[in-house]
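Working notes for the structure below.
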There are 2 protein chains.
Amino acid sequence: MKIEKTNRISLVEQVVSQMESLIESGAWAVGTRLPPEMELMERFDVSRNTLREAVRALVHGGLLQTKQGSGTRVCSSSVLGAAIERRLHKSNLLETLEVRHALEREAARLAAVRRSEEDVQQLRLQMDACLKAIQANDHQAYVEADIQLHQVIAAASHNNLLIDLYEHMTDALHSSVRNLVELTSCTDVHQRIHGKLVDGIIAQNEDGAAEAVNEYMAHLKETLSKSLEEL
Amino acid sequence: MKIEKTNRISLVEQVVSQMESLIESGAWAVGTRLPPEMELMERFDVSRNTLREAVRALVHGGLLQTKQGSGTRVCSSSVLGAAIERRLHKSNLLETLEVRHALEREAARLAAVRRSEEDVQQLRLQMDACLKAIQANDHQAYVEADIQLHQVIAAASHNNLLIDLYEHMTDALHSSVRNLVELTSCTDVHQRIHGKLVDGIIAQNEDGAAEAVNEYMAHLKETLSKSLEEL
DNA sequence: CACCTCAAAATTGTAGGATGATTGGTTCGT
DNA sequence: ACGAACCAATCATCCTACAATTTTGAGGTG
């Protein structure tokens, strides 16, 4: 006979779960303002205290944000993302870049092995977008296309955990990354390395793709240290 | 003049911060039972609701665990660790191993570049521990020494973010890893690769260390797929 | 003494109400 | 039209009370 363990789930955790589902499913999209506490109390059929404890848990988790007198809003849809973001604030840019390097290299290797035909198509598409941005000399568009391209590469690894971590890291880094990419984008080097990376993945050349990532990150780190020297 | 309106920190968050500090500092070590709510109310000078919201936030964050009628206990000392652990439950072992591969390879490369003399000493010490465990044919001790060795390698990278991520991943994986290592530890291959890895780091041979990690992970993945076939 | 039973104490869980503080919009006077 | 004063909505904090659960210990029984 199996003893019923702590199967008792507190009301608060039940409410938290339901709210998390609503947020992750997009029913409560990022930016949405939640109904006031009174309505939520009725909706979940719990007391004020219970509801507030649930909301507070999500606030501390980084998914919600409350403002006295104004209301409660959704400010993120991922617990992991919020946790990583908080941790990254305590790290310097170089540390973060090194971890990104690790993830991106592995993503490139896996992508080279596992990329599907759709992945290849997506890669070509994003490369075109980069090229067009360069020809139009539109830095803003290039930065966006660049970030997108790297997301596509990560996606081609078909490792959901890796994709998640990578996405959250670049999310948290987006401002710094944008600046860095903007600094480097003026050179042809950047785009040449992109080409080598994408070609490697398409040709299923694992080592070639990994080597391209190494070059890419070396270039990024160099630019970073140069821009730091200027200060 | 910069207006800092958002400087208003809620009482709950203040209490949460203090408790987090107590936990991270070790004043409330993992496993410790917290004082009852009444005492904490007086200690932090807040009402029961406020205190409970703070506790609930930490419970949901994975740092605390409450049991009605029994009390509240510390069950983890890191928010990031708890978040990663939860995410890992949704991933399969292969995905997790691949990410660990990425982190460990980067750690080895950085360690080869940055290892200090103390690091070298620590590495030699842990290698000895592994050897002794093998000679004593003590599997339990070998597994522990193996995990310790890899932690030392990560530490030698001198990248705190990387160290954190790696530690939390292996923490969350500990049971699976223990089993895997136990399966592989009977062969000499495992120890030979360890030797190559440590030698590479000590000799500051970046590529050699990275190659050793590749071999190590390949061996681990092979063992994993074999053990999965048996089911 | 050893062991079981059960009641009481300790502790967290849930409910409901009251008041203060902040925000955003509205109204009103100029 | 513009700014100041007001007002309503909303969250923040505190309080009390009771329920549910676990631990503890007293008392009985063999």
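Just so it is clear: chains get the letters A, B, ... in the order the sequence lines come, proteins before strands, and each one is counted from 1. Only a predicted model underlies this, so the values are computations on that prediction, with no experimental measurement involved. The analysis underlying the following values was restricted to heavy atoms, covering all of them including side chains, and did not include hydrogens, waters or symmetry mates.
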*asked:* Strictly below 4.0 Å: does A:T66 bring a side-chain N or O up to OP1 or OP2 of D:dA12?
replied: yes
*Between D:dA12 and A:K67, is there an OP1 or OP2 to side-chain N/O distance shorter than 4.0 Å?*
no
*Can you sort out the partners of B:E20 under side-chain hydrogen bond (donor to acceptor under 3.5 Å, both in side chains), two or more places apart, ordered by chain and number?*
A:H60
*asked:* For residues 71-89 of chain B, which residue pairs pass the salt bridge (Lys or Arg N to Asp or Glu O under 4.0 Å) check, not counting sequence neighbours?
replied: A:D164-B:R87
*Grab the CD-P distance between A:E37 and C:dT14 for me, whole Å please.*
17 Å
*Of all of residues 43-57 of chain B, which get a heavy atom below 4.0 angstrom from DNA chain D, listed by number?*
B:V46, B:S47, B:R48, B:N49, B:T50
*Would you check if the side chain of B:D146 reaches a backbone N or O of B:V143 as a donor-acceptor pair within less than 3.5 Å?*
no
*Ignoring hydrogens and angles, state whether a donor on the side chain of A:S78 or A:H168 is under 3.5 Å from an acceptor on the partner side chain.*
yes
*Residue pairs, two or more places apart or on separate chains, that pass salt bridge (Lys or Arg N to Asp or Glu O under 4.0 Å) and touch residues 29-40 of chain A*: A:E37-A:R48, A:E37-A:R52
_Separation of atom CZ in A:R33 from atom P in C:dT23, rounded to whole Å_ = 14 Å
*Please state whether the phosphate of C:dT12, meaning OP1 or OP2, lies under 4.0 angstrom from any side-chain nitrogen or oxygen of B:T72.*
yes
*Atom CG of A:L11 and atom C1' of C:dA15: how far apart are they, to the nearest Å?*
10 Å
_Strictly below 4.0 Å: does A:S70 bring a side-chain N or O up to OP1 or OP2 of C:dT22?_
no
*Choosing from C:dG24, D:dC11, C:dT12, which nucleotide comes nearest the side chain of A:Q68?*
D:dC11
*Quickly work out the B:M41 CE to D:dC15 P distance and round it to whole Å.*
7 Å
*How close or far is atom P of C:dG13 from atom CD of A:Q14, stated in whole angstroms?*
13 Å
*Residues that A:E13 engages under salt bridge (charged side-chain N to carboxylate O under 4.0 Å, His left out), provided they are two or more places apart*: none
*Return the value, rounded to whole Å, for the distance between atom CD of A:Q65 and atom P of C:dT23.*
13 Å
_More than 12 heavy atoms of other residues, nucleotides or ligands under 6.0 Å from CD of A:Q14: yes or no?_
yes
*Under 3.5 Å, is there a donor-acceptor pair between the side chain of B:E95 and the main chain of A:N160?*
yes
*Could you tell me the separation between the CD1 atom of B:I9 and the P atom of C:dA21, rounded to a whole number of Å?*
19 Å
Polar atom pairs (N or O), protein with nucleotides 3-8 of chain D, under 3.5 Å:
none

_Spacing between B:R73 atom CZ and C:dT11 atom P, to the nearest angstrom_ = 12 Å
*So, A:S70 side chain and A:T66 main chain: donor-acceptor pair closer than 3.5 Å or not?*
no
